[in-house]
Every structure is written in C-alpha cells, then in structure tokens.
Amino acid sequence: MENVVKTKMTIAEEIMNKSKKKKLHFSLLDPDKQKPEVAGEMARAAEEAGSSAIMVGGSTLVSQEQVDNCVKAIKKQSNLPVILFPSGAKYLSKYADAVFFMSLLNSRNIGYVIREHVKGAPFVKYSGIEPISMGYVIVEPGMTAGKMGEVDLIKRDDIQTAVGYALAAQYLGMNFFYLEAGSGATKPIPNEMIAAVKKNIDIPLFVGGGIRSVKTAAEKARAGADIIVTGTKLEEEDNLKQALKHIISAIEG
Ligand code: 1GP
C-alpha cells in the first residue's frame, strides 16, 4: 500500500481554502500606533469578532524590537495567525507565524520590488516563519505607504493598469494580490477596479485602505474582494469587538 504522509496545512493554504468558502476579514495592527499590551487586547477583540488573521506592520516603524514586542503581546492574547506586513527587511520578527513576502510592484525603488527581499530572505528561512508570496500595488491616494514606498500610484480610473499588475503578479507565480489605497485613505479602491481585477485573476484578492464603515466594507466585498483589510478602524473604536462584528457580518453577506 502506498504511504500517505499527512502534512499540516500552511497558513497560505488555509487562507486559500477559507477564502473559497467565504469572504474574509484581516485586522492590521501597526506597532507604532499603540503599546504592545493594547495591540494584544485589540487582537483578542478581533478574534472574538470573527477576524481571520492579524497582520502586523506599518510605514513608520523604528526598530525590530518594536515589532517583536507587538507580535509577542498579540500571541499572548489571541490564537489567530500573525502575519507580518513588512515595510522592509529590518522589520521582521521570529515570533510571527508568517510574513507576506510581498513585492511593491509599482514602486520606483527597486529595493521595495526585490532588494529588501534579498536581505530578508535568510532571516525568513532560519527563523522558520512562513513566507506568503504576494503582489502588492498602491492606488491613489496612496497616503504614507505611497510616499514612503516611492510609488508611481495607479490612478483611480486606470483600471487597465491595475488589471495588468494583477495578471503580472499571477503569471510571476505570486499566490495573492493586494490592491492598496493607503492606510487612512479618504477614498478606498473603486468598486469598478476591484470588479475588473477579480474578473481577470484566479488568485485571491486583498483590498485595503480607507475601509471604515459597514457599508464600504460590504460594497468592496460585493465588488469582488476576497479579503478585506482594516487598520485605522481598529484604532478608532471603543467597542472594537462590536464594531468589527458588524463589518465582518456585512462582508460575509
Ligand atoms: C493599510 O490597507 C491597510 O495597509 C489598512 O488601511 O488603515 O485605512 O484601514 P486602513
């Protein structure tokens, strides 16, 4: 009889499988925005509300220690997978479960496209955190991420370019694609752009930036986003669990 070796599913496979069954919500926590203990409490509330993963990252980080402390505090309070959302090789943490190994495809700076990855790859290998391949593009208004990432922003009405990047990411073998409007964006990714990208690719589509209301979250999910990311919303809410519950049930439809 043939030997069947059962291996544990990777986090990427889990996201892939779960996102085929329903729309997902990921919570983004920026270690620069609150103390680690508070980040831990926020992660617990997000888990209780039904969020599927905690992403950790930000554009204004100052040290790896900051990321380590934030991740450790989150792991203490929640069982959700913690996935790094790094702005550079310096901000990786061995305490995380995985890292979005993401190329900022529309950056003018080759560092954000590939060279930071070259620096960070040995750390990923030896720390054992799971790399999750992702194509990442920033659309207007782009906010701090657009400026720090030295990005040629995709115009809000330039659907063709967004679709081109998404297909290129898929053809390069990336497992996920992320349309980002920038944290705190006044205008989130347009529905027409989400719909066109979704129609053209087979890999799961992340959408984030400026999604703060139940209505907007529902709209973006309906337009075709597989995974909705919210960050700022988490920092604004007193009753985070309740607020996220509403958003997540709207996303799930
Ligand atoms: C930023 O897309 C995320 O990378 C989240 O944006 O902070 O506006 O929710 P917000």
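Note: hydrogens, waters and symmetry copies are ignored here, and every other heavy atom, side chains too, is used. Each ligand, and each atom within it, is numbered from 1 in the order the structure gives. Computed from a prediction, not measured in an experiment: that's the story for all the values here. In what follows, residues are counted from 1 in the order of the sequence shown.
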Nearest 0.5 Å please: distance from the CE atom of Met143 over to the NZ atom of Lys147.
6.5 Å
Asn175 versus Ser133, side-chain donor and acceptor atoms under 3.5 Å:
no
Those atoms of ligand 1 less than 4.0 Å from some heavy atom in Gly208
2 (O)
Could you tell me which atoms of ligand 1, counted from 1 in the order shown, lie closer than 4.0 angstrom to a heavy atom of Phe85?
4 (O)
Quick one: does ligand 1 sit under 4.0 Å from the side chain of Lys233, the backbone, both or neither, non-hydrogen atoms only?
neither
Side-chain donor-acceptor contact under 3.5 Å, Ser59 with Thr144:
no
For Gly209, the atoms of ligand 1 under 4.0 Å from one of its heavy atoms are 2 (O), 3 (C), 5 (C), 6 (O), 8 (O)
Per-atom filter on ligand 1: closer than 4.0 angstrom to a heavy atom of Gly184 are 7 (O), 8 (O), 10 (P)
Flag Ser183 as yes when one of its N or O atoms lies below 3.5 Å from any N or O atom of ligand 1, and as no otherwise.
yes
For ligand 1, note which part of Phe206 has a heavy atom under 4.0 Å away: side chain, backbone, both or neither.
neither
Who's the nearest protein heavy-atom neighbour of atom 9 (O) of ligand 1, and how far?
Gly231 N, 2.7 Å
Salt bridge (charged side-chain N to carboxylate O under 4.0 Å, His left out) between Lys215 and Glu219, worked out:
CA-CA 6 Å; Lys215 181 171 170 281; Glu219 226 178 79; 3.6 Å; yes
Pick from Phe101, Phe26, Tyr136: which one makes a ring-ring contact (aromatic ring centres under 6.0 Å, His included) with Phe85?
Tyr136
Regarding Ser107 and Glu150, do their side chains bring together a donor and an acceptor under 3.5 Å, going by distance alone?
no
Are Asp226 and Ser19 close enough that a side-chain donor and a side-chain acceptor fall under 3.5 Å?
no
Phe206-Phe176 aromatic ring centre distance below 6.0 Å
yes
Closest protein heavy atom to atom 10 (P) of ligand 1, given as residue, atom name and distance to 0.1 Å
Thr232 OG1, 3.4 Å
How close does the nearest protein non-hydrogen atom get to atom 4 (O) of ligand 1, and which residue and atom is it?
Glu180 OE1, 2.5 Å
Under 3.5 Å between any N/O of Val229 and any N/O of ligand 1: does that happen in this structure?
no
Where ligand 1 meets Thr230 - atom numbers and elements under 4.0 angstrom, heavy-atom basis
9 (O)
